[in-house]
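Structure, as structure tokens:
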Amino acid sequence: MTELLSILYVALFATSGIGLSRLLFHREKPLVRIWLGLAMGMAMFIWLPALFSFALGFHLAAQLLGLLFACLAGAAGFFFSRKRTLTASPWKAEIPFFVAGGALLVLCLVLLSTHTIVERDGALYVGQSTFGDLAMHLGFISSIATQGTFPPMYSICPDKPVCYPFLSESVGSTIYLFGTSLRFATMLTAAYAILLVIVGVYCFFQQWLGETRKSIFAMLLFFVGGGFGFWYFFDLLKANPENLSRLFTAFYETPTNFVSNGLRWVNPIADMMIPQRALLFGWSLLFPCLFLLHRAAIQRETSAFLPLGVLAGTLPLIHTHSFLALGIISGFYLIRSFARKEGKAQWIGFAKYLGIVLLLALPQLIFFTFKQSGSFLKFHFNWANEADNYFWFYIKNFGLIALLFPVAFLAANREEKGIVGGALLIFAIAEFVQFQPNPYDNNKLLFIAFLYACGLVANWLFDAKDRLTRGAARNRLSIALLSAMVCATLFLSGALTLGREYVSEYQLIDADQVAAAEYVKENAAPDATFLTYNNHNNCIAALTGRNIVCGTGSYLFFHGVDYSARENALPLLYEEPSTYFSAYAKQYDIDYVFIGSSELANYTVDLAYFADRFPVFFQNETVTIYSVHS
């Protein structure tokens, strides 16, 4: 029942967005109008419950008030659009996209399902790409809903406010608050975002490129296209047959992600959308923004600036990199508009867009983003390249796209060059400025530049094919063979990576720890603090929503959090408790001591101290939890 109510809750936001879309985008064809409506529904789903939670705390009342306001907005949209004529177009024309986009959607949903804490024999399993980050996302979702503090504090470093775009997590917390499973809350919200991303990429390309075939090909290039990484697995295969089979068994040795060989351009489905919620929800709103920006700045429909400004203004606390990428492209288009002397009406449109964005985004930037990321900025050249020649690094990572982009750019007309100019500016900035502690994460900017590169290359490839096809009939077979070779080179690395991701499976949390977490959820106070080892797959932090003394540096360091004092206290608390436990327990408000396989493997735990002084709160074969205050 809670799952059905949660689906209804999300559906009401989506329907409300469609109501607004009927009012604002009645001239758009049905696919675009519905997609933009779903995007507006997503923006309301993320933001309206959060706004009330800032005032009331993250509780059910705030979530219901957010829904009420969304429904009122949607009803107003349906009411005021009732006399407007909606543009109609035959759905038959969208069948090629439904086939290609539907296949991508099914693939994404299958990976989402197999990679999100699948229960088997009491243990929880995930895939290769979610083994690292999913526990962090689960911890955010469960702790926000369980503790009700908003803006949230880290449950893995309880005295620190979250230095992360937390609205991508609180949207899952809303569903979890209704009593669904953590798996369901994570998957339902992500599935909505995945749908928006896939449709959004296609609609963006279709508006730009015009032709369905080019748009679908560009979409596939973005989601599946890869570099020359497949070479490493087919080279010398006769002498070493295991070179190919290890692709499907080794941990992160794929044609798009093989660090020791300098392969860093990952697949956006396997390594970005499935494991990274902030990016996923950011993209779900970024692509509607890019669509509207193209409409306003390139096609000069100034009415698009208003909804563009509103959607853009929601981005900073959802995904900062998406907001930055949009800002760079918008700035380039504004300069382009001045250079081309497009006139007062266009410049007023840009001014309105900027004013709305500043009104909505500036409070987020001042009170959250700048406090979080101000110290992250530094000079860093050549993204994630550590050992390769500059040009070869990008050639082997981007493959034919890197080789064909200069050709396509030279062949492009003035307007097409202007369209991709903002993407080139993103690439240039990301090549010299590091925006976060991990330089690799600049790829969240580079992927938007890659989006435009895929569009330009797809456009050129079909134009080149058409020119070749105009020749004699005897050329058709050779053209078909050439097309197959080009497609194999473009898509083989990405396809192999997705195949590897499909068969991957790793245990995240064992059965005994899952049982312990279930007991904690039922019997410990929502704000209780547990002393545990700081492993990333910590059952208390990920599954219960409770606090732990200190979480893994794999999360906290890359968020810019100073956790050193807490981390240094952990071995002292476990190994020398007679000297240190009393003082540290008071300092860090420790309520429970968790002793499991990770604690015993990493510390020489003074078991007698805890057994003699504290009663057992929970115990099974491999886990013992002591209650400090009982």
[X]: what forms a side-chain contact (heavy atoms from CB on, under 4.5 Å) with it, not counting sequence neighbours?
| X | value |
| --- | --- |
| Pro577 | Phe581, Asp606, Tyr609, Phe610 |
| Thr130 | His115, Val126, Leu134, Ile274, Pro275 |
| Leu67 | Tyr9, Leu12, Phe13, Cys71 |
| His59 | none |

Just by distance, do the side chain of [X] and the backbone of [Y] share a donor-acceptor pair under 3.5 Å?
| X | Y | result |
| --- | --- | --- |
| Asn243 | Tyr232 | yes |
| Asn538 | Ile540 | yes |
| Asn397 | Trp265 | yes |
| Glu599 | Gly596 | yes |

Any residue meeting side chain to side chain donor-acceptor pair (under 3.5 Å) with [X], in chain and number order, not counting sequence neighbours:
| X | value |
| --- | --- |
| Asn261 | none |
| Tyr584 | none |
| Asn443 | Tyr440 |
| Asn537 | Asn535 |

- Query: Are the side chains of Gln434 and Pro439 in touch, meaning some heavy atoms are under 4.5 Å apart?
  - Reply: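 In short, these two side chains touch, coming nearer than 4.5 Å.
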- Item | 4.5 Å side-chain heavy-atom contact, Phe45 and Phe281 |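 No - every pair of side-chain heavy atoms lies 4.5 Å or more apart.
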Separation of [Y] [atom2] from [X] [atom1] (nearest 0.5 Å):
| X | Y | atom1 | atom2 | value |
| --- | --- | --- | --- | --- |
| Leu496 | Thr254 | CG | OG1 | 9.0 Å |
| Leu280 | His319 | CG | NE2 | 10.0 Å |
| Arg566 | Asp159 | CZ | CG | 4.0 Å |

- Task: Give every residue pair that meets the side chain to side chain donor-acceptor pair (under 3.5 Å) criterion with at least one member in residues 188-200, sequence neighbours excluded.
- Result: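 Checked against side chain to side chain donor-acceptor pair (under 3.5 Å) - neighbours excluded - the pairs reaching residues 188-200 are Thr189-Arg277.
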- Query: Which pairs count as salt bridge (Lys or Arg N to Asp or Glu O under 4.0 Å) when at least one residue sits in residues 567-590, sequence neighbours excluded?
  - Reply: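 Every candidate salt bridge (Lys or Arg N to Asp or Glu O under 4.0 Å) pair involving residues 567-590 fails, so no pair, neighbours aside, qualifies.
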- Item | salt bridge (Lys or Arg N to Asp or Glu O under 4.0 Å) contacts in which one or both residues fall within residues 505-521, not counting sequence neighbours |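 Found Arg120-Glu505, Glu518-Lys521.
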- Query: Relative to the ring of His559, is the ring of Tyr154 parallel (under 30°), tilted (30 to 60°) or perpendicular (over 60°)?
  - Reply: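 The arrangement is tilted - the two ring planes meet at 30° to 60°.
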- Kindly assign one of parallel, tilted or perpendicular to the pair Phe150 and Phe58, based on the angle between their ring planes and the thresholds 30° and 60°.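 Correct class here is tilted.
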- Item | Inter- and intrachain pairs under ring pair (Phe, Tyr, Trp, His ring centres under 6.0 Å), touching residues 517-554, at least two apart |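 Counting only pairs at least two positions apart or across chains, the ring pair (Phe, Tyr, Trp, His ring centres under 6.0 Å) contacts touching residues 517-554 are Phe131-His536, Tyr519-Phe617, Tyr519-Phe618, Phe530-Tyr592, Tyr533-Tyr603.
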